[in-house]
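One structure is given here, and the rest of the page talks about it.
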Protein chains: 2
Amino acid sequence: MTSTDAPGTTQTQQRRPTRQRRAVAAALAGFDDFRSAQEIHDLISRQGDSVGLATVYRTLSSLAEAGEVDMLRNEDGEAIWRSCSDTHHHHLVCRTCGATVEVEGPAVERWTNAIAAEHGYADLSHTLEIFGTCPTCR
Amino acid sequence: MTSTDAPGTTQTQQRRPTRQRRAVAAALAGFDDFRSAQEIHDLISRQGDSVGLATVYRTLSSLAEAGEVDMLRNEDGEAIWRSCSDTHHHHLVCRTCGATVEVEGPAVERWTNAIAAEHGYADLSHTLEIFGTCPTCR
DNA sequence: CGTGGGTTTGACAATGGTTCTCAACATCGC
DNA sequence: GCGATGTTGAGAACCATTGTCAAACCCACG
Ligand SMILES: [Zn+2]
Ligand SMILES: [Zn+2]
Ligand SMILES: [Zn+2]
Ligand SMILES: [Zn+2]
């Protein structure tokens with residue numbers, strides 16, 4: 001529902017640097033597993049800042065859209081978030097402690113494209129996550 | 001959290017064939033894309049049967065546990081369900097009309113296992129779905 | 001056929017994650 | 001500072017999903 005700008009006008013400057021957004025960024029920098037918005041909200045509180053839960057959701061969503069964080073869903077369907085590298089990758093996640101490893105698989109990427117092409121599907125995207133129990137949790 | 005049965009006792013006969021379960025099965029047989037519990041509930045009503053929504057959820061869950069239907073989550077996190085073949089496979093789903101193709105990729109299975117082993121993860125599972133626009137929808 | 005005990009159901013409440021609302025507030029360019 | 005516009009937060013609203021529990025149902029078994 002973004003309104004079309006009048007011709008010539010500059011794209012208004014989104015993403016102002018606010019205290020709240022800095023707090024979310026700081027929280028994201030403080031862990032490397034996937035966490036729910038609630039957990040991130042709690043972490044922010046524990047770090048002394050105070051940010052509304054709605055704002056945490058808004059910030060995480062826009063960061064995800066910008067590709068700066070990855071969002072995926074745990075088995076209960078809850079959204080969980082993590083600051084990730086900006087190249088295309090997937091995840092190996094411990095379902096006990098959440099420890100996460102970023103993984104890449106060029107062959108898999110090629111395979112998904114081939115399969116989709118074979119069936120005439122275009123405009124592709126895919127999800128691929130591996131869950132297991134990490135060495136520490138065994 | 002399943003209680004361990006007393007030794008010798010017979011595993012009680014689960015899964016009685018009730019009118020409601022037959023209705024859910026019939027509904028599942030009537031489409032081959034992924035649908036939400038609500039949609040399946042509506043379909044059952046439209047087919048003349050009457051089954052409580054909670055029962056639809058219960059039946060779908062147990063069918064999923066039994067491996068007779070696949071459940072995955074759409075981008076909004078809602079659970080969607082589909083009657084599938086009983087061998088391990090993944091899905092190529094049209095994000096416009098929902099048309100679904102079951103796909104298999106032994107190489108991908110091998111790759112996920114190798115990656116997980118390499119990092120010492122055990123007790124593995126994985127999700128892999130491909131989304132795109134099918135030939136008809138283009 | 002009855003009957004009894006475990007299973008299943010369904011209307012409804014409760015849960016809980018996520019989004020919406022909108023007035024108060026911060027930021028920016030000037 | 002000022003006005004315009006983006007941002008926030010408390011709480012309500014949403015809504016998919018699950019829990020509750022008494023009534024209905026299946027299924028041996030006699
Ligand atoms: Zn990532
Ligand atoms: Zn990929
Ligand atoms: Zn399937
Ligand atoms: Zn697989």
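From a predicted model like this one, the values you see are computed outputs, not experimental measurements. Numbered from 1 within each chain, the chains take letters A, B, ... in sequence-line order.
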Tell me every residue that passes side chain to side chain donor-acceptor pair (under 3.5 Å) with B/Thr55, counting only those two or more places apart in sequence or in another chain.
B/Arg58
Please identify each residue that fulfils side chain to side chain donor-acceptor pair (under 3.5 Å) with A/Ser62, with sequence neighbours left out.
A/Arg15
For B/Ser85, check side chain to side chain contact (heavy atoms under 4.5 Å, CB included) against everything at least two apart and list the hits.
B/Thr87, B/His89, B/Glu102
Going by the rule side chain to side chain contact (heavy atoms under 4.5 Å, CB included), which residues pair with B/Asn74 if we only count those two or more places apart in sequence or in a different chain?
B/Asp76, B/Glu78, B/Ile80
Just grab all the side chain to side chain donor-acceptor pair (under 3.5 Å) pairs involving residues 113-123 of chain A, residues at least two apart or on different chains.
A/Asp123-B/Arg95
Indicate every side-chain donor-acceptor pair of residues 40-54 of chain B with a distance under 3.5 Å to a residue at least two apart or in another chain.
{"residue": "B/His41", "atom": "NE2", "partner": "B/Val51", "partner atom": "O", "Å": "2.9"}
{"residue": "B/Ser45", "atom": "OG", "partner": "B/His41", "partner atom": "O", "Å": "3.1"}

Which donor-acceptor pairs under 3.5 Å do side chains of residues 127-138 of chain B form with protein atoms, sequence neighbours excluded?
{"residue": "B/Glu129", "atom": "OE1", "partner": "B/His91", "partner atom": "N", "Å": "3.3"}
{"residue": "B/Glu129", "atom": "OE1", "partner": "B/His91", "partner atom": "ND1", "Å": "2.9"}
{"residue": "B/Arg138", "atom": "NH2", "partner": "A/Gly120", "partner atom": "O", "Å": "3.1"}

Would you please confirm or rule out a distance under 4.0 Å between OP1 or OP2 of [N] and any side-chain N or O of [X]?
X	N	value
A/Arg22	D/dT7	no
B/Arg19	C/dG10	yes
A/Thr18	D/dT8	yes
B/Arg21	C/dT8	yes
A/Arg16	C/dA26	no

Which residues in residues 33-63 of chain A have a heavy atom closer than 4.0 Å to any atom of DNA chain C?
A/Gln38, A/Ala54, A/Tyr57, A/Arg58
Kindly calculate the angle separating the two end axes of the helix from C/dC1-D/dG30 to C/dC30-D/dG1, each obtained from five base pairs, and round it to 10 degrees.
30°
Sub-3.5 Å donor-acceptor pair from the side chain of B/Arg21 to the main-chain atoms of B/Thr59, do we have one?
no
